[in-house]
Amino acid sequence: MQKFKVTFLPDNKSVLAEKDKTILSAAISAGVYINSVCGGDGVCGRCKVILKKGQVNEQPNGIISEVERKNNIYLACLTNIHSDLEVEIPENSRLNFDRLTPMELGGRLGNLYSEAEDIQPVGPKLEEGLFKHSPFATKLYLELPAPTLNDSISDLERIYRALRGYEDFPVIQTGLFNIRQLGELLRDSEWKVTLTLGKRNDTVEIVLVESGDTTNKNFGLCFDIGTTTISGQLVDLNSKKILGTKATYNQQATFGNDVITRIVYAGQSDGLEKLHEAVCSTMNQMILELIQENNVDLNDVNCIVCSGNTTMIHLLLSVDPAHIRKEPYVPTANFLPVLRAAEAGININPRGLLSCVPGISSYVGGDITAGVLSSGIYQKDELCMLIDIGTNGEIVLGNKDFLVACAASAGPAFEGSGVTSGMRASSGAIQNIDIDKTDFSVKYSTIGNKKPRGICGSGYIDLLSSMLESGIIDKGGKIKAVGKRIRQTDTGREFVVCFKEEADSLSDIVINEADIENLKRSKAAIYSASAILVKHMGLSFTDIYKIFIAGGFGTYLDIDKAVRIGLLPDLARSKFVFIGNSALAGASQILLSNQAMAMADTLASKITYFELSVDPGYMDEYSQALFFPHTDLTKFPSVRF
Amino acid sequence: METQLVLEKWAGVISALTIGANKEDGGSRANIVRIGGQGSLPLLFKEGSIPNRPVIAFEIWDTPPQDWPDDLTSAYGKVLNDPFAWADKCVNELKAQLLCVRMQGAHPDFGNKDPGEAANFISALLTRVKVPLIIIGSGDDSKDNLILPACSEAAKNERCLIGCAVQDNYKTLVASVLADGHHIIAESPIDINIAKQLNILISDMGLSLERIVINPTIGALGYGLEYAYSIMERARLAALSGDKTLASPFICFVGQETWRTKEAKAGYEQGVIWEIITATSLIQSGADLLVMRHPAAVEKVAGYIDSLFNK
């Protein structure tokens, strides 16, 4: 087979690719990232590249416009290589690996609504009993009496005896690795050693024996593995101090933007390995940066807690998620035993432990368990609701007496996918929009105050609300006004939010009627799922005391506007609390407290999963919500356009 | 022992609407037609007032119909070639109280009449007959957006019922109807939510809910009649329970749906029976206006309405 050299700019990476392979597949083999929301099916139009040199054969598609054609823009997934090529990947088609700015992180992660105080503070080591209020991995410094002829128990027994002096707990294993080096190590260290103790499902493992007192070096990690974004924190397990927080994109996005596409991909040859590899390498890279920036040795990172939806956890552990997608939607495991992180391919201390927050069902995962934990709704006397707005919207209703959860397939529109100018909540995303009612001029602000590259979820909420307010669209979501920012295209009318001259984008940043339709469906799915859940329990929205909103929105979410478009129920705005990434907050609590870990187990078994598709009223409720704010205006008394 | 009726009490009432303007109202119609105003489910006279009967409108076209089966065309004969003679026949001979004129001739595939021609036709028709008019577009959205405003203006102050506004195309028509003092037909595809949404969108433009007639889209017997029936029933239940955004009378295009069925086209006067059954069923689910085609079917259904209301 004839092979051609394909060079990708600006990375300047080259790869040999067979004739007729697509540019996208060449990019993947070259390790160059090109956006591909649809996984190469030729429908999302995100993988636009500029052909600088060479011959290609383009499969027909309706995505590339006349103007783009003139500018040599091609879809990487539908363009076959016919000669040596030079291809430039424009900014819009790249995965922006810039780390979120501190300001963005502050918004995303800093204002976590967390009731950590409600969980007993993690005390230093042993005063309160070893594991009641203590981190996932604990270090214990021991000065052992040296053996004598009168005290001649074995080295290992000697350690156990000393441990029992603190508290009698079942040591399940010590590991051959530790035992092999024990004789030498105890004597070399003059019987002064530090044990790393890890909790493994109600028993204790001696993870590591080190010479001398290293108790001051005990670190752990917590991660939230989202379908789109992976967030992680490095925590000093002694002081509970968060040393660093990072968020980046899940490299699995190359293989499709939602869990279903990824499950399908996992079923292909090597698919599962590639997805597993993608999430591991994303996390390992983040871990590396976290420890380097904080001068922590990888060997002192003794444990990691991961929350994530059920599919993400399956993929992290390289467990086939196929059955999640097939009726009756059963995952391989919801409760996973504590594993060694290395087994999953996560690089921390080679003997370090990995715990996954237990999930509830195939579509309500450990991220929700962690969210329930960190929002504290399981302790409340009053009725509360947790709404996690993501590709898979999850809703939990309850209080200290009961908890019921459901999942609604909301689609990725609020995560900036499947919409023309959508992007994730990262640098350059328009997140705040105001439209002038008379001339429709647009005022906006972007994340990081960069030139706009697209619109993120909170931007779309603002945009829809402002377009309704200014009469640009009607309540059905059709563009009805006229003006210089409104134009007719082949695919319907669109509104220009930002002309390309003022944007960091190849084309104008727009919203069209199909986008509005997508967003309308997303908001209808979330609202109607909430409404059905409340109705199913024989309650009404007005019975709810507080609604916690979690999700991957940027620094900003305007609750009032989210109500005005009908995404959230029309209740007093003071009842809503935006808690950002509640899953990461929960994971961090679990990392620091075994009590929290036990509570997560309790919660995951306690939360009742309610399957929306079996409720005959869901479709009707959903259809009614396909209107701004809602077909039944009496449900939104405070909203007037 | 006397039987006690269990009666429902309703909070809402269907809006009442007058089609046609006589001299006192600034128009030139000899008669006017009132529909709606019910405070109860259809025919439950004891539960609330039912001030108006269902009304039948004869459907005529501005151009000779091409796809009408013989059973139907033979009932009219040569007048089908002359819309005015056709209208005369309906009014004088068949005693129509109301005509529904479909501007089929404006459709790009059936004559492509321009707005001026359409307006002239409506003016002439209003001079020729003195009954109130329902004016229906050609079914081609972009063409209707040109001719319906012209027709509306030509019929200014005659308080016609003009349609059909749909969710994706309602603004032009609403604006004309608002300007020229008519009422509007809001069409939704057998969907109670869209019916409601369209009513809201129309009233958002300033045309009051009391000037809207819902075309719920119906199917003839064997072609989805039961879907239409239950959608109408649900809408009516919601309206009577107090939902003002659904409290509009219904118009049902019975003739149009009947005469496209293969049973009607098969001949043997099956079409007449089909039209009668479709119409009488819909009357029971709350139809206020029935647009019909075959004179024999109209006669039967009119008799049926008489028998229901002359208790």
Side-chain angles (χ1 to χ4, degrees), chain A residues 437 464 467-483 486 488-494 512-514 516-517 520-521 523-525 527-528 531-532 564-566 570 616-637 639-641, chain B residues 11-12 141-142 145 149 164-178 184 186-209 212 214 216-217 227 230-248:
Chain A
K437 281 183 186 145
L464 288 177
M467 287 172 88
L468 284 160
E469 199 87 41
S470 57
I472 295 172
I473 56 173
D474 65 25
K475 289 176 182 147
K478 294 283 180 290
I479 296 175
K480 62 174 182 179
V482 285
I486 293 146
Q488 183 75 34
T489 69
D490 301 344
T491 50
R493 268 161 294 181
E494 64 182 22
N512 61 34
E513 290 184 334
I516 299 171
E517 197 61 33
K520 190 169 81 178
R521 289 197 199 115
K523 75 98 187 167
Y527 177 84
S528 52
I532 286 286
R564 294 176 73 79
I565 67 165
D570 191 0
Y618 180 62
M619 264 327 280
D620 196 43
E621 194 68 47
Y622 173 70
S623 315
Q624 285 190 44
L626 289 171
F627 203 57
F628 295 112
H630 194 277
T631 306
D632 186 352
L633 297 174
T634 59
K635 287 184 174 152
F636 286 81
V639 181
R640 287 278 171 275
F641 291 116
Chain B
D141 276 358
S142 46
N145 282 343
C164 293
V166 292
Q167 205 178 23
D168 288 338
N169 187 39
Y170 65 92
K171 289 176 285 258
T172 312
L173 189 56
V174 173
S176 295
V177 162
L178 207 50
I184 201 164
E187 177 186 314
S188 43
I190 322 191
D191 186 318
I192 186 171
N193 287 313
I194 294 179
K196 187 167 163 166
Q197 291 169 6
L198 185 53
N199 279 5
I200 295 169
L201 294 172
I202 290 172
S203 68
D204 277 356
M205 285 188 69
L207 190 70
S208 73
L209 288 166
I212 300 173
I214 292 176
T217 312
Y227 290 103
S230 63
I231 285 293
M232 288 165 69
E233 203 169 47
R234 279 177 63 196
R236 210 29 73 89
L237 283 168
L240 292 171
S241 307
D243 187 345
K244 288 197 171 57
T245 55
L246 274 171
S248 309

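All chains are named by letter (A, B, ...) in the order of the sequence lines, taking the proteins before the strands, and each is independently numbered beginning at 1. What you see is a predicted model; the values in this text were computed from it and never measured.
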Find the distance between OG1 (B/Thr245) and CG (A/Asp632) and round it off to the nearest 0.5 Å. 7.5 Å
For the atom pair CD (B/Gln167) and NZ (A/Lys475), what is the distance rounded to the nearest 0.5 Å? 12.5 Å
Is A/Asp620 salt-bridged to B/Arg234, cutoff N-O under 4.0 Å? yes
Return the CZ to CD1 distance between A/Phe627 and B/Ile194, rounded to the nearest 0.5 Å. 10.0 Å
Could you give the distance from CG (B/Leu201) to NZ (A/Lys480), rounded to the nearest 0.5 Å? 8.0 Å
Shortest non-hydrogen pair, A/Lys478 vs B/Asp168, comes out as CE-OD1, 2.7 Å
How many angstroms lie between atom CD of A/Glu621 and atom CG of B/Asn193, to the nearest 0.5 angstrom? 9.5 Å
Distance check, rounded to the nearest 0.5 Å: A/Asp474 atom CG versus B/Leu198 atom CG? 9.5 Å
Within a radius of less than 6.0 Å around CZ of A/Phe636, do more than 12 heavy atoms belonging to other residues, nucleotides or ligands occur? yes
